[in-house]
Structure formats: C-alpha cells, structure tokens
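Down below is the structure, laid out as structure tokens.
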Amino acid sequence: MRQGVHRAETPRDRAQREALEFDLLESPVTGKPLRRRLRNFRPGADTALLALGGPLAWMRRLRAIELAVAEHEARLREAWDELRALHAEDAELARAWHELAAAWRFDAVNELIAHHNRYFPAEARLPMNPRTGDFVPVNGRPYRRRPLDARWILERFPVRSNATRSHGI
C-alpha cells in the first residue's frame, strides 16, 4: 500500500533499529560471508515437462480406484435395499447378504490396486527409510492398499438387526 512512500521513523522503529545494531556489534559473523547451503533439489527440464503433462499415472490410477470403490458402494447399497425388501427375517437377510458378498466381483478395481501397490513408490519417488528398508508412510499411512473382497463388504456394510438398523446400511 505504501509503495515508494517513506514514512517518518517512529520510536518503536528506532528501538528495533538500535537493538539490531547492538546485536550486530557482538555477532561473530559480522563482516564475514555466510556459508552457502547446498540443497539436494535442483529444478530441471524434466520436472517442468512433467508438470505440463497433467496428472501423473499414479494420480490417475488413484482417482480411478476411488471412483471404482464409490461405484461398488453405490451398487452394494442398492443390493442391500433389494435384499431387505425381499427378506423379512434378520437370519434370512444375513444369509443372503453373506452369499451376495461372497459372490461379488472386484476384479477390475483389484487389478488397479495391485498396479498401485507395485508401481506407486517408484512413480511417486517415495523416499525410503534406511532403518526399516521400507518406503516412508504417505500422510502417516502406508501407501499399500488392501484388495477388496467379501470381508471388505462385511466390514463396510455390516448386517444389523431390525431393532438397531438405521436408514441405509
């Protein structure tokens, strides 16, 4: 806001300037050049070209996994509603739900998950922990994803009795 406009020195500014000058008098590095801090990162042409290409392969694959899981969840909710309409008793509903879970196919999404687990560390250039010999966690969690199966369905959508059942699954 005050570009090119000088203002008068206030008592606060003067006190800060004097404190800085006093600190510089006693500093052992006054008048000496500072040591350069070398970094391991150097921007290169390859990173600029990668940035122009849009999302990387692992990013597109993770998005495809998320979409496929959301699609399975929606289809499972529909199947749950159909089974609940067909079976009045909890035991029949539980048996039918377990049978459906055992027959449900996750081939496409599990193939994406297998590719993710295999190629993600190299594609994302994950650093490795030298003590454990494994890749560092991503946001505090391991990068590996568990394949989807009947156990995933039953954990995600447990069968509850009519007395404790809420809306949906």
Side-chain angles (χ1 to χ4, degrees), residues 1-3 29 34-169:
M1 300 300 252
R2 294 178 172 257
Q3 294 175 349
V29 293
L34 294 177
R35 180 176 65 87
R36 287 186 57 172
R37 293 176 56 184
L38 300 177
R39 307 252 192 258
N40 288 337
F41 172 76
R42 194 172 344 154
D46 60 335
T47 56
L49 288 175
L50 283 174
L52 293 175
L56 300 175
W58 63 269
M59 295 173 184
R60 291 190 303 266
R61 190 171 47 246
L62 277 176
R63 181 67 177 149
I65 291 171
E66 290 172 2
L67 291 174
V69 168
E71 181 183 339
H72 279 287
E73 287 176 342
R75 289 178 40 215
L76 284 165
R77 278 191 179 81
E78 291 173 10
W80 171 260
D81 291 338
E82 291 174 10
L83 285 177
R84 192 171 52 185
L86 290 174
H87 302 286
E89 293 186 24
D90 290 337
E92 292 176 8
L93 177 64
R95 182 186 48 74
W97 185 245
H98 283 267
E99 287 175 4
L100 181 123
W104 199 270
R105 305 297 299 183
F106 291 107
D107 295 335
V109 69
N110 281 341
E111 186 175 337
L112 287 171
I113 290 172
H115 281 273
H116 167 77
N117 290 343
R118 181 177 181 124
Y119 299 116
F120 178 75
E123 291 172 341
R125 298 180 180 175
L126 282 185
M128 190 173 265
N129 184 343
R131 288 190 181 141
T132 62
D134 198 12
F135 293 100
V136 298
V138 178
N139 296 328
R141 298 183 318 166
Y143 71 90
R144 292 187 164 276
R145 294 196 175 223
R146 190 179 96 191
L148 306 183
D149 55 5
R151 188 177 62 187
W152 178 84
I153 294 174
L154 298 174
E155 287 173 359
R156 193 72 155 228
F157 306 106
V159 178
R160 293 175 281 195
S161 68
N162 281 330
T164 60
R165 189 173 299 134
S166 61
H167 299 293
I169 296 179

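From a predicted model like this one, the values you see are computed outputs, not experimental measurements. Just the heavy atoms: all of them, side chains too, but no hydrogens, waters or symmetry mates, feed the values below.
- Of all non-hydrogen atoms in F157 and W97, the two that sit nearest each other are O-NE1, 3.1 Å.
- Put simply, CG on L56 and CE on M59 are 4.5 Å apart, with the number rounded to the nearest 0.5 Å.
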For residues 63-76, which side-chain donor-acceptor pairs fall under 3.5 Å, sequence neighbours excluded?
residue : atom : partner : partner atom : Å
H72     : ND1  : W104    : NE1          : 3.0
E73     : OE2  : R156    : NE           : 2.8
E73     : OE2  : R156    : NH2          : 2.3

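- Atom CG of residue L83 and atom CZ of residue R95 lie 10.0 Å apart, to the nearest 0.5 angstrom.
- Taking each heavy atom of A96 and H87 in turn, the nearest pair found is CB-NE2, 3.5 Å.
- Rounded to the nearest 0.5 Å, atoms CZ (F120) and CZ (F135) are 10.0 Å apart.
- Closest approach of P142 to P137, counting heavy atoms only: N-CB, 4.4 Å.
- Screening residues 133-150 for side-chain hydrogen bond (donor to acceptor under 3.5 Å, both in side chains), with sequence neighbours left out, gives R146-E155.
- Considering CG of L112 and CG of L62, their distance stands at 9.5 Å, rounded to 0.5 Å.
- Sorted by first then second residue, the side-chain hydrogen bond (donor to acceptor under 3.5 Å, both in side chains) pairs that include residues 118-127, not counting sequence neighbours, are R61-E123.
- Atoms CD1 and CH2, on I153 and W80 in that order, are 12.0 Å from each other to the nearest 0.5 Å.
- At least one donor-acceptor pair closer than 3.5 Å links the side chain of R60 to the backbone N or O of P55.
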